[in-house]
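Heads up: the structure comes next, in structure tokens.
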Amino acid sequence: MFAKTLLGASLLASMTLLSSAALSQTIGFSQIGSESGWRAAETTLTKQEAEKRGIDLKFSDAQQKQENQIKALRSFIAQGVDAILVAPVVATGWDAVLKEAKEAEIPVVLLDRMVDSDKDLYLTAVGSDLVHEGSVAGKWLVDTVAGKDCAVVELQGTTGSSPAIDRKKGFEQAIAGAANIKIIRSQTGDFTRAKGKEVMESFLKAENGGKNICALYAHNDDMAVGAIQAIKEAGLKPGTDILVVSIDAVPDIFQAMAAGEANATVELTPNMAGPAFDALKAYMDNGTVPPKFIQTESKLYTQKDDPAKEYEARKGLGY
Amino acid sequence: MTNNPTLLAAVGLSKTFPGTRALDGVDFDLRAGEVHALLGENGAGKSTLIKCLTGAYRRDGGDILLEGASIDPRDTQEAQRLGIGTVYQEVNLLPNLTVADNLLLGRQPRRLGLVSRRETNRIAREMLSRYGLTIDVARSLDSYSVAIQQIVAIARAVSLSGKVLILDEPTASLDRDEVRMLFDVVRSLRAQGLGIVFISHFLDQVFDISDRITVLRNGRLVGVRDAATLDRTQLINMMLGRELSEETRDRGRGGFDYAQRARIAYVGTGRAGVIAPFDLSIHRGEVVGMAGLLGSGRTETAELMFAAAPRDGGSVNKDGKPLKLASPRDAIAAGFGFSPEDRKTSGIIGDMSVRENIVLALQARQGWMRPVRLSRQREMADDYIRRLDIRTPDAEKPIGQLSGGNQQKALLARWLATNPEFLILDEPTRGIDVGAHAEIIRMIENLCESGMSLLVISSELDELVTYSHRVVVVRDRVHVAELIGEEITTDSIVAAIAKPSPAPETSA
Amino acid sequence: MNPRLLPLAVTVLIFVVAYAVCYAQFPAMLSTRVIGNLLTDNAFLGIAAVGMTFVIISGGIDLSVGSVIAFTGVFITVMLRDTSLHPLAVFAILLGLTTLFGAAMGMIIHVLRMPPFIVTLAGMFLARGLAYILSVDSVPITHPFYEWLQSLYWLLPGKGRLTLIGGLMLLVFAFGILLAHRTRFGANVFALGGGVQTARLMGVPVARTTVAIYALSGFLAGLSGIVFSLYTSAGYSLAAVGVELDAIAAVVIGGTLLTGGSGFVAGTLIGVLIMGLIQTYIIFDGTLSSWWTKIVIGALLLVFIMLQKGLLSLADRRRSLRASGNT
Amino acid sequence: MNGTLARFGRRIAPQLVTLAVVVAMIGIVFPGFFDISIANGRLYGSPIDILNRGAPVALLAIGMTLVIATGGIDLSVGAVMAICGAIAATLIVDGYSLPATLALSLGAGLLCGLWNGLLVAVLGIQPIVATLILMVAGRGIAQLVTEGMIRTFSHHGFASLGSGNLLWLPTPVVIWVCAGILATLVVRRTALGMLIEAVGINRRASMLAGVNARLLIVTVYMVSGLCAAMAGLIVTADIRGADANNAGLFLELDAILAVVVGGTSLLGGHFSLIASLIGAMIIQAINTGILVAGFPPEFNLVIKACIVLAILVLQSPALQGAAMLFSRTKGQP
């Protein structure tokens with residue numbers, strides 16, 4: 001019976017492919033998942049931007065699994081979408097499916113994370129320079145401690161993910177010139193609040209109740225928010241006893257900054273889709289080939305930047 | 001036929017289990033080309049004998065001779081290779097496999113390394129056609145009736161062994177036509193010169209098919225008879241009675257005013273295919289005995305009365321008021337107790353202590369919110385251990401480690417602790433030693449003197465005669481007779497059991 | 001029809017109906033691309049599910065599958081990175097390792113009489129732990145042989161492609177079907193599922209078969225891991241989390257009885273395809289939460305378990321009716 | 001009474017020894033492990049962290065122990081945690097009062113348990129299969145509740161369930177210890193424990209003795225659902241957000257492990273809640289120990305697997321049978 005289905009399928013295939021002419025633009029978006037607030041905001045903003053432009057957005061949540069993302073990409077290709085956005089969960093393993101997309105002449109735009117495939121295989125990548133983000137955070141710390149000795153603990157992102165690798169690299173580059181700043185402990189907090197809190201607790205225990213720690217660098221705000229709770233529970237004042245710098249600029253970190261519990265965050269804008277849609281439109285309408293990398297701004301926010309206002313501005317985005 | 005050479009013989013076979021002597025110097029012989037019935041009540045030693053012959057048990061003493069040579073099979077497979085195949089009541093095949101796979105498991109014909117389905121099925125069909133069976137062998141075994149499954153099992157056993165075939169209660173769940181079909185198969189195998197051991201508790205069938213009959217009781221050989229010269233009453237006497245038993249009956253008993261309202265009255269209780277609807281009432285302080293052969297419907301009656309099995313309609317009255325009786329919980333709430341026949345699977349909670357086993361029913365009745373205090377539990381346990389003389393080092397020993405008799409006493413204690421008005425005891429004296437036996441009988445008498453009503457099921461007729469005010473006889477899933485007072489003698493019970501069914505099952 | 005075939009028939013029916021519904025809504029669903037994708041994207045799951053089918057038919061369960069897949073990927077990448085062995089040699093070593101791993105679990109289950117659930121749970125921790133120790137990073141595989149393997153596909157009419165791994169899955173299923181239904185080993189697996197005691201009495205080599213079943217599952221998990229590494233051309237210790245559950249679900253949806261003794265390797269293929277179909281539908285729709293996949297699969301599981309339950313009790317009732325005709 | 005105490009001591013001795021060994025090993029690798037101070041009005045130190053972080057598994061282990069004692073298993077607890085956490089966060093964000101939120105989410109846990117219990121006790125589906133359904137579907141349901149986001153909230157009352165202090169201890173510790181004590185009292189001071197064990201050992205005999213096995217089985221699955229709901233609330237309150245993705249992921253396996261390490265047989269029967277709770281602490285001690293000792297976390301699973309295997313092999317029926325045979329032959333030459 002299955003064989004019959006297959007046979008029927010191949011017979012019908014040619015007909016159906018011909019008839020799939022799109023009325024409006026259909027764009028597939030393969031999202032990693034909803035593991036952090038930032039990512040949820042990215043999803044919300046992408047949907048909003050698509051609606052603004054009258055794009056029919058096919059959204060697929062991969063539940064943090066690369067195999068699901070590859071499946072989603074293949075399905076988009078089979079469906080004959082006009083373009084594909086993908087926020088890749090890991091950097092590796094995209095060659096085959098990107099080649100397929102290229103052969104089907106469907107442009108692919110990477111969002112917020114890079115892949116290690118050949119640059120020809122995708123139209124462009126929209127993202128912030130992850131290394132740069134790390135170095136902005138590192139530079140802020142160097143400027144803030146101004147030559148005093150400072151022992152830093154680091155909460156890494158999910159092991160093996162490109163933000164974890166690059167944000168670590170950038171931070172280390174920025175503090176390389178400052179002999180007074182040392183990373184004394186570094187562990188993965190999986191980008192989650194719960195793990196950020198748990199790992200920070202163990203850092204505090206391991207470093208004399210936190211008295212040895214001068215600053216915390218977290219690869220994302222969620223871990224920082226978790227760690228701030230751990231610091232408070234340890235009887236220390238986050239933001240004063242231990243400086244807190246992290247990346248992403250999600251609403252909750254502004255709340256913490258307003259309360260004086262966090263010091264700085266580097267913005268990673270969740271609106272990657274806006275520039276991506278613009279680049280796609282230009283490419284499809286006029287054949288304008290965008291640059292291979294569209295960098296979004298990595299703006300530093302500190303307690304001086306009216307965090308309360310920033311919080312209000314962001315809280316509705318589904319972070 | 002009777003002059004055929006002896007095929008398989010057991011000489012002075014003995015087997016002891018902790019606490020019981022299951023076989024005590026039993027002799028048995030099987031000739032080629034005969035059907036030899038092996039009879040006895042539960043615990044008589046039939047299955048132990050079979051298991052020794054087929055290698056499932058290792059014997060403690062005696063010898064097994066196959067065609068004159070001493071054998072000592074270590075497992076059933078070895079026995080099979082030697083030529084002894086067995087078919088059990090619970091078909092010991094795999095219901096989920098096809099008929100052909102069941103017949104040829106491990107020996108399927110192969111071509112190019114792959115099992116040839118067609119060839120397998122062909123061989124299987126051929127094997128079955130010898131038994132007059134033409135069925136689709138590619139279907140799974142469980143899509144066929146038990147009778148066909150039995151024949152498949154026989155076909156497999158015969159093809160694997162081919163000298164001796166042991167049929168252990170093969171007809172227990174067959175209907176009349178199926179039995180006839182099975183017997184045709186057995187007769188043709190007999191004609192081929194196989195020696196067949198036939199175990200059954202259906203006496204009609206035994207007389208129908210067997211050439212000789214061996215009876216065991218309590219692990220000992222009672223006797224071997226030619227089927228043709230034996231009558232039913234003699235046979236039942238061999239199985240149940242003591243040929244020379246004294247009448248120990250206390251003639252002072254009885255004298256119940258049966259006109260008075262009974263304490264508990266079942267009307268029209270029964271279940272299709274299990275037990276025919278019956279009426280039964282029990283009075284205050286009365287012991288009703290229940291006699292019948294194994295599989296006659298005794299246990300099923302008890303289960304229905306305790307609502308441990310569903311019944312079709314009928315009503316139950318207690319003290320004249322209708323009683324809702326849908327589950328054992330209802331029965332216990334009404335003051336009933338039930339000590340089942342199969343202690344291990346339905347009676348004891350093996351891993352729990354004697355104390356916990358004793359308080360379980362009381363506790364279950366009180367509900368979990370009202371626990372029996374630990375000190376009270378200990379008191380109760382110690383009290384019953386003393387009163388019933390339960391041999392255990394202390395109340396905290398897991399009951400599974402006690403001997404059968406002591407487990408039985410603890411189960412009795414479980415029900416006595418609930419202070420029941422009506423207690424059902426199914427084979428309370430089975431498989432326990434003589435001392436405990438006597439104590440349990442004494443206890444039954446004491447309980448009824450204290451006003452409790454009892455229903456006691458037993459294969460020990462002289463025991464029933466001793467304590468019963470009334471005896472109900474069950475035969476072929478029907479309550480066939482009720483003996484009251486003076487009528488109760490072992491002879492009258494045996495006669496009631498032996499009376500042939502009104503419509504003989506397998507009339508020629 | 002043999003009532004035992006009913007679950008399989010229902011599975012096929014559900015698949016066909018589901019496909020028809022999908023087609024009605026999205027005609028592109030019936031393109032060879034989608035069909036090729038179904039095979040390619042679910043190749044690793046399908047191969048692992050074949051092993052799981054054997055384990056479940058025998059009455060056991062294997063929770064270590066997903067972890068073994070992850071371990072395989074990491075092992076291959078590390079070996080290719082740090083040694084100069086040819087990928088084929090690495091494959092051979094790896095398959096030997098995972099087969100041994102499975103055999104060891106089977107041995108523990110049989111000899112120590114421990115529940116398969118717990119033994120394979122420990123195996124699951126162990127395999128993923130070993131993967132972590134080898135490497136926590138996602139390491140790309142850049143060997144030319146890999147690229148060659150990935151470039152192998154057969155272009156179907158309509159631009160669909162039957163890839164090497166998709167084809168391999170079909171081959172494994174063919175092999176599995178033969179093994180289950182056409183060998184003595186297969187019959188023994190079913191026999192174990194029917195009842196270990198009875199099987200032993202009927203002469204089934206219980207120890208050898210048990211060990212072989214888990215070894216087979218280990219081997220196929222390793223093969224599935226190789227396929228996964230071809231699929232993603234990387235090894236990542238966090239990969240394939242929860243694949244064992246998907247495999248179990250596919251096996252049950254494919255009409256195999258979770259209690260063992262009855263099942264179809266071919267049904268598992270349909271089960272895998274049904275699960276792939278649900279995912280594809282949800283992606284095609286583009287507005288449904290992808291988590292509906294899980295809920296639908298849960299519902300399907302319920303349906304199938306109830307169906308099997310119903311069939312069993314039906315068979316029982318038939319038997320007891322027969323018994324009541326007695327005497 | 002002394003006999004009971006001694007027996008209880010013997011029962012939990014292996015677990016206590018294992019815990020002591022694990023803790024001692026951590027102490028060797030990380031000498032500051034035993035420092036406990038008072039900060040911010042509560043005790044503070046690594047041992048407290050173990051108690052605190054072990055709360056979800058400890059709570060799950062309570063329900064799981066009872067389920068396993070009846071001969072069942074509950075694979076769905078992780079998913080139920082996610083569901084209840086998601087419901088709680090959503091409700092509190094929507095402005096429901098704390099008591100209403102707690103009541104509704106605990107109710108959801110009970111409902112999940114009821115579903116499992118009905119499948120097992122009434123429909124007679126194998127527990128592992130019955131609870132697999134909710135395990136697969138549950139996380140999807142939780143995601144639908146949160147609409148795929150991490151539902152964050154800032155309700156201090158609710159958050160204090162996860163990160164507040166009570167009696168110088170983190171609230172989760174107080175919750176699981178109280179739940180453990182309460183459960184122990186309920187099963188041991190009433191007859192519940194004995195009836196559960198009876199059903200687990202021999203269901204038919206128990207039913208014939210009048211035990212309402214069906215109700216009892218439904219009840220233990222409901223208790224398991226309730227415990228999972230509490231664990232879900234704690235996890236959610238701790239991070240002030242419902243993470244339907246990660247909340248309780250694979251915790252069912254840890255909970256089953258805690259029960260098995262606690263010496264309760266997967267076949268059902270005798271159980272010890274205290275031993276299961278110690279089992280949960282052993283597992284958490286391994287996790288925390290690896291963190292504070294500065295080991296790379298990748299060793300976590302291998303170490304866990306090895307310890308588990310060792311404990312399992314020691315407890316395996318085959319080995320115990322051999323040991324019993326050995327001691328018997330020694331006893332009676």
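In what follows, chains are A, B, ... by sequence order, proteins preceding strands, each numbered from 1. All heavy atoms count here, side chains included; hydrogens, waters and symmetry mates do not. This structure is a prediction, so every number in the text was calculated from the model and none was measured.
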(request) Please tell me if the side chains of V359(B) and M194(D) come closer than 4.5 Å, counting only heavy atoms from C-beta onward. (result) yes
(request) List for me each residue that meets side-chain hydrogen bond (donor to acceptor under 3.5 Å, both in side chains) alongside E396(B), sequence neighbours excluded, and say none if there are none. (result) R355(B)
(message) Working to the nearest 0.5 angstrom, can you tell me the gap between K344(B) NZ and N202(D) CG?
(response) 11.0 Å
(message) Does any backbone or side-chain atom of R365(B) lie under 4.5 Å from a heavy atom of chain D? Answer side chain, backbone, both or neither.
(response) neither
(message) Is Q366(B) in contact with chain D via its backbone, its side chain, both, or neither, using a 4.5 Å heavy-atom distance?
(response) neither
(request) Work out which heavy atom in R329(B) is nearest to a heavy atom in G210(D); give both atom names and the distance. (result) NH1-O, 2.8 Å
(message) The criterion is side-chain contact (heavy atoms from CB on, under 4.5 Å); which residues satisfy it with T269(B), sequence neighbours excluded?
(response) Y266(B), F278(B), L304(B), R311(B)
(message) Let me confirm one number: the CZ-CG distance from R414(B) to L208(D), rounded to the nearest 0.5 Å.
(response) 9.0 Å
(message) Need one label for L360(B): side chain, backbone, both or neither, based on atoms under 4.5 Å from any heavy atom in chain D.
(response) both
(message) Please check if the number of heavy atoms outside R58(B) that lie under 6.0 Å from its CZ is greater than 12.
(response) yes
(request) Could you walk me through whether E356(B) and E197(D) pass side chain to side chain contact (heavy atoms under 4.5 Å, CB included), step by step? (result) CA-CA 10 Å; E356(B) 288 170 311; E197(D) 287 177 351; 4.2 Å; yes
(message) I'd like to check the side-chain contact (heavy atoms from CB on, under 4.5 Å) partners of K397(B); sequence neighbours left out, ordered by chain and number.
(response) T392(B), P393(B), Q401(B), L402(B)
(message) Using side chain to side chain contact (heavy atoms under 4.5 Å, CB included), reason through V186(D) and W368(B) one step at a time and then give a plain yes or no.
(response) CA-CA 9 Å; V186(D) 168; W368(B) 63 274; 4.2 Å; yes
(request) Might you confirm whether atom CE of M222(D) has over 12 heavy atoms from other residues, nucleotides or ligands at distances under 6.0 Å? (result) yes
(message) Quick check: closest heavy atoms across A209(D) and A364(B), and the distance to 0.1 Å?
(response) O-CB, 3.7 Å
(message) Rounded to the nearest 0.5 Å, what separates atom CZ in R204(D) from atom CG in D342(B)?
(response) 8.5 Å
(message) Sub-4.5 Å heavy-atom contacts with chain D: which residues of residues 345-354 of chain B show up?
(response) T345(B), S346(B), G347(B), I348(B), I349(B), G350(B), D351(B), M352(B)
